[in-house]
Amino acid sequence: MRLDGKVAIVTGGAGGIGRGIVRAFAKEGARILFVDINDEAGAALERELDGAGRFLNADLSEEASAAAIVAAAVEAFGRVDVLVNNAHASRQASLLETTQEMLDLSFGTGFYPTFWLMKACHPQLAATQGTVINFASGAGIEGQPTQGSYAAAKEAIRAISRVAANEWAPDNINVNIISPLALTEGVKAYIDANPGVEDALLAKTPLHRFGDPESDIGRVAVFLASDDASYMTGQTLMVDGGSIKLR
Ligand SMILES: NC(=O)c1ccc[n+]([C@@H]2O[C@H](COP(=O)([O-])OP(=O)(O)OC[C@H]3O[C@@H](n4cnc5c(N)ncnc54)[C@H](O)[C@@H]3O)[C@@H](O)[C@H]2O)c1
């Protein structure tokens, strides 16, 4: 199996893409400490994983969570090879209606936890010559309307990922970014609240379907977490059915 012996931390791992990644990692032999604030979903996934995964309820927006998460992974499984910063919460509004509270929510659940966890994990990742996988969005890359607070935090995540790719290359730590499209609870809520968005999204997606959290996004995360991707760092992978072609 491609991730045999590896230990991963996955944030937002109880739902959506995070859960897809946890499942894909477990099928490839990894052991996973996954973090979420959804107790019920976290406990259900832990049961499903039958020993391969440990759920930790922690609010990523609290800085102290980062050290606690790394400590929990090391206590459960002895090391950390892969850090997946997947969780992110945000609200939509035009720029003129974007409030400080919206910026704080997006940066507080997306950018800051990514930064804090990267720093907290660095000693473990340096010891294992590990990998970081961060999450971006087409909303940031394209500057989609009503996504100001989210787009800004997502592009800030891409920026520190590239800095870390350069600074941590001597430690043999790879840092890459996935920009996904997948039908998850979060996307479904967004579609339900915004009539017409689903058709518009599919119309600009050449493969004309939403990705599956496990078989489409999770498998690319497996590749990035595996030794097959050891010569890739600082890259953004568009896993979005062809919606955006980065050059
Ligand atoms: N789904 C898509 O099409 C899409 C598109 C572009 C980018 N993304 C990005 O991919 C990632 C996953 O997206 P998703 O659609 O699966 O999201 P989601 O909203 O469906 O799931 C996010 C998970 O994070 C958890 N979470 C939220 N706030 C938290 C906190 N403070 N502490 C701990 N856990 C918390 C939630 O409980 C949930 O389980 C995110 O970074 C998102 O921005 C997704």
Side-chain angles (χ1 to χ4, degrees), residues 9-24 33-46 55-66 68-69 72 83-92 104-114 116-117 132-144 147 149-158 161 177-194 197-198 200-202 204-205 207 209-214 216-218 220-221 236-244 246:
I9 291 172
V10 179
T11 69
I17 288 171
R19 183 171 51 205
I21 292 171
V22 170
R23 285 174 171 153
L33 187 285
F34 63 100
V35 183
D36 211 292
I37 43 177
N38 186 334
D39 245 335
E40 204 181 321
L45 184 57
E46 187 179 274
F55 170 56
L56 179 72
N57 186 329
D59 185 346
L60 296 159
S61 64
E62 291 166 14
E63 186 173 358
S65 292
I69 289 164
L83 168 64
V84 182
N85 286 303
N86 159 80
H88 200 142
S90 65
R91 285 171 52 202
Q92 286 75 43
D104 289 346
L105 173 69
S106 182
F107 278 80
T109 59
F111 175 76
Y112 284 119
T114 295
W116 293 328
L117 262 172
V132 179
I133 303 171
N134 289 334
F135 270 78
S137 171
I141 293 163
E142 288 195 318
Q144 287 164 7
Q147 300 277 13
S149 62
Y150 177 64
K154 283 305 199 194
E155 288 300 279
I157 288 170
R158 287 213 309 145
S161 302
I177 303 135
I178 291 176
S179 182
L181 177 64
L183 196 54
T184 61
E185 297 91 324
V187 169
K188 196 164 181 329
Y190 178 57
I191 283 172
D192 290 347
N194 297 279
V197 158
E198 182 173 12
L201 278 172
L202 289 178
K204 68 182 212 84
T205 304
L207 292 178
R209 66 177 176 86
F210 289 103
D212 177 78
E214 181 182 344
D216 290 315
I217 316 302
V220 173
T236 299
L237 276 75
M238 304 305 304
V239 193
D240 64 353
S243 305
I244 297 173
L246 277 190

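This one's a predicted model, so the numbers in the text were calculated from it and none came from an experiment. Order of listing sets the numbers, starting from 1, for every ligand and every atom in it. No hydrogens, no waters, no symmetry mates; every other heavy atom, side chains included, goes into these values. Positions are given from 1 along the sequence.
Here is the list of ligand 1 atoms found below 4.0 Å of a heavy atom in Ala136: 7 (C). Residue-ligand proximity, Gly186 to ligand 1, at heavy-atom distances under 4.0 Å covers atoms 19 (O), 20 (O). Annotation for ligand 1: atoms under 4.0 Å from non-hydrogen atoms of Leu181 are 3 (O). The contact set between ligand 1 and Gly15, taken as ligand atoms under 4.0 Å from a residue heavy atom, comprises 39 (O). Residue Gly16 approaches ligand 1 through these ligand atoms, each under 4.0 Å from one of its heavy atoms: 16 (O).
Residues Thr205 and Ser243 bring a donor and an acceptor atom of their side chains to less than 3.5 Å of each other.
Note that NZ of Lys154 is 12.5 Å distant from CD of Gln144, once rounded to the nearest 0.5 Å. Between the CG atom of Asp39 and the CG atom of Asn57 there is a distance of 4.5 Å, given to the nearest 0.5 Å. To the nearest 0.5 Å, atoms CG (Asn85) and CG (Leu60) are separated by 8.0 Å. Put simply, CG on Leu33 and CZ on Phe55 are 10.0 Å apart, with the number rounded to the nearest 0.5 Å.
For atom 28 (N) of ligand 1, the nearest protein heavy atom (residue, atom name, distance) is Ile37 CD1, 3.8 Å. Of the protein's non-hydrogen atoms, Ile17 CD1, 4.0 Å is the one closest to atom 13 (O) of ligand 1. Scanning the protein for heavy atoms near atom 37 (O) of ligand 1, the closest one is Asp36 OD1, 2.6 Å. The protein non-hydrogen atom at the shortest distance from atom 31 (N) of ligand 1 is Asp59 OD1, 2.9 Å. Looking from atom 2 (C) of ligand 1 to the surrounding protein, the closest heavy atom is Val187 CG2, 3.3 Å. For atom 42 (C) of ligand 1, the closest non-hydrogen atom on the protein side is Tyr150 OH, 3.4 Å. Of all protein heavy atoms, the one closest to atom 10 (O) of ligand 1 is Phe135 CD2, 3.5 Å. Of the protein's non-hydrogen atoms, Pro180 O, 3.3 Å is the one closest to atom 6 (C) of ligand 1.
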Does the pair Lys188 and Glu185 meet the rule for a salt bridge (Lys or Arg N to Asp or Glu O under 4.0 Å), with working shown?
CA-CA 5 Å; Lys188 196 164 181 329; Glu185 297 91 324; over 6 Å; no
Trace of the side-chain hydrogen bond (donor to acceptor under 3.5 Å, both in side chains) decision for Asn134 with Ser161:
CA-CA 7 Å; Asn134 289 334; Ser161 302; 2.9 Å; yes
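Looking at Gly138 next to ligand 1, no N or O pair under 3.5 Å apart turns up. Below 3.5 Å of separation, one finds no N or O of Thr109 facing any N or O of ligand 1. When only interatomic distances are considered, the shortest N/O to N/O separation between Asn38 and ligand 1 does not fall below 3.5 Å. Annotation: Asn86 places an N or O atom under 3.5 Å from an N or O atom of ligand 1; distance criterion only.
When distances from atom 40 (C) of ligand 1 to the protein are checked, a heavy atom turns up under 4.0 Å.
Put simply, the side chain of Ser106 never gets that close to the backbone of Ala153: no donor and acceptor are under 3.5 Å apart. Asp36 places a side-chain N or O within 3.5 Å of a backbone atom of Ala14 that can act as its donor or acceptor partner. Side chain of Thr11 to main chain of Ala87: a donor-acceptor pair is present (N/O by atom type, distance under 3.5 Å, no hydrogens or angles).
Look at Phe210 and you'll find every heavy atom at least 4.0 Å from all atoms of ligand 1. Residue Ala58 places a heavy atom less than 4.0 Å from ligand 1. Residue contacts with ligand 1: Lys154 is included, with a non-hydrogen atom under 4.0 Å away.
Closest approach of Ile141 to Ser179, counting heavy atoms only: CD1-OG, 3.9 Å. Minimum interatomic distance between Ile217 and Leu181 (heavy atoms only, all atoms of both residues): CD1-O, 3.8 Å.
In this structure, Phe111 places its CZ atom where more than 12 heavy-atom neighbours from other residues, nucleotides or ligands lie under 6.0 Å away.
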